[in-house]
Amino acid sequence: MRIEVVRYEDSMKRMWDDAVRTSRNATFLFERDFMDYHQDRFTDASLLFVNEKGKIRGLFPANILADKHRIDSHGGLTYGGLLLSERTESAEVAEMFKALVFYYRSLNCHSLKYKPVPHIYHCCPAEEECYFLFRAGATLLARALSSAINLRYPLPFNNLHLRKYKNARKRNLQIKETHSLLPEFWSILQEVLIQRHSVAPVHSLSEIRKLIMNFPDHIKLYTILGNTGEVIAGSLLFLTQTTVHVQYIAANDMGREYGALDWLFHCLIETYGNNGKHTFFDFGISTENEGKKLNQGLVFQKEGLGGRAVCYDTYMLNLDNNPLL
């Protein structure tokens, strides 16, 4: 068995995207129109793995930090790691690990920061990489805690969120799914993040507009309108093949008073649970400082809506004198 490693070039965009769409553990975040929206901030070092018949068996989205002699997979994304084709088997994954270690060492890199795609985003099992990370002597660097709902077996809201949901249902509110209200939602989001956390959204408004333009079927904005038609709350969702991911949530004072988000999430969980296309509803992480700090208030809110723990892990792999070689 021979696996050839090929460094990604822009001319391979179509080939790369086709492999992402047929991978068993990739999401649209790995398509180049998503990965490259912030390419000015990262030096790409992605790889393709090709077998002796010329078939792509895996991809490795990555960027290089030459000054640190390190590879990240991927510094601009929530997760990374090996993206495997449906037919890729364990022996081939072992060869991929050997090939990537050897290749990145040739670039004078000594370490690899590796973030596997969480299992709730897999179309079918794809945790071979976890086994070979263990074999390669990787150490767990960080573990973030997310909260997700299995849409086949959703847990009920707790009493607090149930009361808020019932309160909102009595109001003359309206849910709208449209990208046209993005500026109004973004204004609320920015204000909330600055006031409560002293941070800005990960994406700028222009960046999220570009991503929506490239992926209109994968990025959805749901807003709640108040009695006079103004936006009082909303949520921006990323839709993958298996999972509805909550990327952003925000509500103004009126939205919080009315319990608008509780009503919205009740409706979204019901809607996506009934459509049969998705298995999980992921609220995202509630940890800081590489998982060493748990935001108790944040995780309380998500668990009150029925979310339960899913880990987003980060490993560090030493590329020097690696036991796989």
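Just so it is clear, the model here is predicted, and its values are computed rather than measured.
In plain terms, the two heavy atoms of Leu189 and Pro201 that are nearest each other are CD2-CG, 3.9 Å. Taking all atoms of both residues into account, the shortest heavy-atom contact from Leu82 to Phe97 is CD1-CE1, 3.5 Å. Between Ile71 and Ala62 the shortest heavy-atom distance is CG2-CB, 3.8 Å.
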Exercise for the section: Could you walk me through whether Asp44 and Arg7 pass the salt bridge (charged side-chain N to carboxylate O under 4.0 Å, His left out) test, one step at a time? Expected result: CA-CA 9 Å; Asp44 194 85; Arg7 178 78 173 262; 5.3 Å; no
Problem - Intermediate values then yes/no, ring-ring contact (aromatic ring centres under 6.0 Å, His included), Phe28 and Tyr121 - result: CA-CA 11 Å; Phe28 76 96; Tyr121 292 93; 9.8 Å; no
Practice task
I would like to know whether Phe157 and Phe265 meet ring-ring contact (aromatic ring centres under 6.0 Å, His included); could you show each step before the answer?
Solution key: CA-CA 10 Å; Phe157 283 15; Phe265 283 124; 8.4 Å; no
Practice task
In sequence, state the C-alpha distance, the side-chain angles, and the governing distance for Tyr258 and Met254, and then conclude on side-chain contact (heavy atoms from CB on, under 4.5 Å).
Solution key: CA-CA 6 Å; Tyr258 288 177; Met254 182 181 294; 3.5 Å; yes
Exercise for the section: Output, in order, the C-alpha distance, side-chain angles, deciding distance and verdict of side-chain contact (heavy atoms from CB on, under 4.5 Å) for Met35 and Trp16. Expected result: CA-CA 11 Å; Met35 282 184 62; Trp16 175 281; 4.1 Å; yes
Exercise for the section: Show the numbers, then the answer: is there a side-chain hydrogen bond (donor to acceptor under 3.5 Å, both in side chains) between Tyr131 and Ser90? Expected result: CA-CA 9 Å; Tyr131 172 70; Ser90 297; over 6 Å; no
Exercise for the section: Could you go through the side-chain contact (heavy atoms from CB on, under 4.5 Å) check for Asn318 and Ser111 one step at a time? Expected result: CA-CA 5 Å; Asn318 181 7; Ser111 61; 5.7 Å; no
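With Tyr114 as the fixed residue, the ring pair (Phe, Tyr, Trp, His ring centres under 6.0 Å) test singles out one of Phe60, Tyr315, Phe132: Phe60. Considering Phe238, Phe283, Tyr222, Trp186 as possible partners of Tyr248, the one that fulfils the ring pair (Phe, Tyr, Trp, His ring centres under 6.0 Å) test is Trp186. Each of Arg32, His203, Lys210 was compared with Tyr37 under the side chain to side chain donor-acceptor pair (under 3.5 Å) criterion, and only His203 meets it. Checking Glu129, Glu86, Glu128, Glu89 one by one against Arg24, the salt bridge (Lys or Arg N to Asp or Glu O under 4.0 Å) holds for a single residue, Glu128.
The residues Glu207 and Arg41 are annotated as salt-bridged, a charged nitrogen and a carboxylate oxygen being separated by less than 4.0 angstrom. Ion pairing of Asp18 with Arg21 is present here, as a side-chain N (NZ or NE/NH1/NH2) and a carboxylate O approach within less than 4.0 Å. Comment: Asp253 engages Arg256 in a salt bridge, judged by a side-chain N to carboxylate O separation of less than 4.0 angstrom. Using a 4.0 Å cut-off between a side-chain N of Lys or Arg and a carboxylate O of Asp or Glu, Lys115 and Asp72 do not qualify as a salt bridge.
Around the CD atom of Gln241, the shell of radius 6.0 Å holds no more than 12 heavy atoms that belong to other residues, nucleotides or ligands. Within 6.0 Å of CZ in Arg14 there are 12 or fewer heavy atoms belonging to other residues, nucleotides or ligands. The local environment of NZ in Lys170 is sparse, with at most 12 non-hydrogen atoms from other residues, nucleotides or ligands closer than 6.0 Å. Counting heavy-atom neighbours within 6.0 Å of Asn321 CG, excluding the residue itself, gives a total of 12 or less. Within 6.0 Å of NZ on Lys55 lie no more than 12 heavy atoms contributed by other residues, nucleotides or ligands. Within 6.0 Å of CD on Glu191 lie no more than 12 heavy atoms contributed by other residues, nucleotides or ligands.
Using a 4.5 Å heavy-atom cutoff, the side chains of Asp36 and Lys13 are not in contact. Residues Cys311 and Pro118 form no side-chain contact, since every pair of their non-hydrogen atoms from C-beta on lies 4.5 Å or further apart. The closest side-chain heavy-atom distance from Pro116 to Leu133 is below 4.5 Å. With a 4.5 Å cut-off on side-chain heavy atoms, Ile219 and Leu237 do not count as touching. Looking at heavy atoms from C-beta onward, Leu239 lies in side-chain contact with Lys220 at the 4.5 angstrom threshold. A 4.5 Å side-chain heavy-atom check between Arg57 and Glu95 finds every atom pair outside the cut-off. The shortest side-chain heavy-atom distance between Leu83 and Val117 falls under the 4.5 Å cut-off.
For an aromatic pair to be called close, the ring centres must be under 6.0 Å apart, and Phe42 with His74 satisfies this.
Ser85 places no side-chain N or O within 3.5 Å of a backbone atom of Ser23 that could act as its donor or acceptor partner. Using a distance-only test at 3.5 Å, with no hydrogens or angles considered, a donor-acceptor pair links the side chain of Thr242 to the main chain of Ile120.
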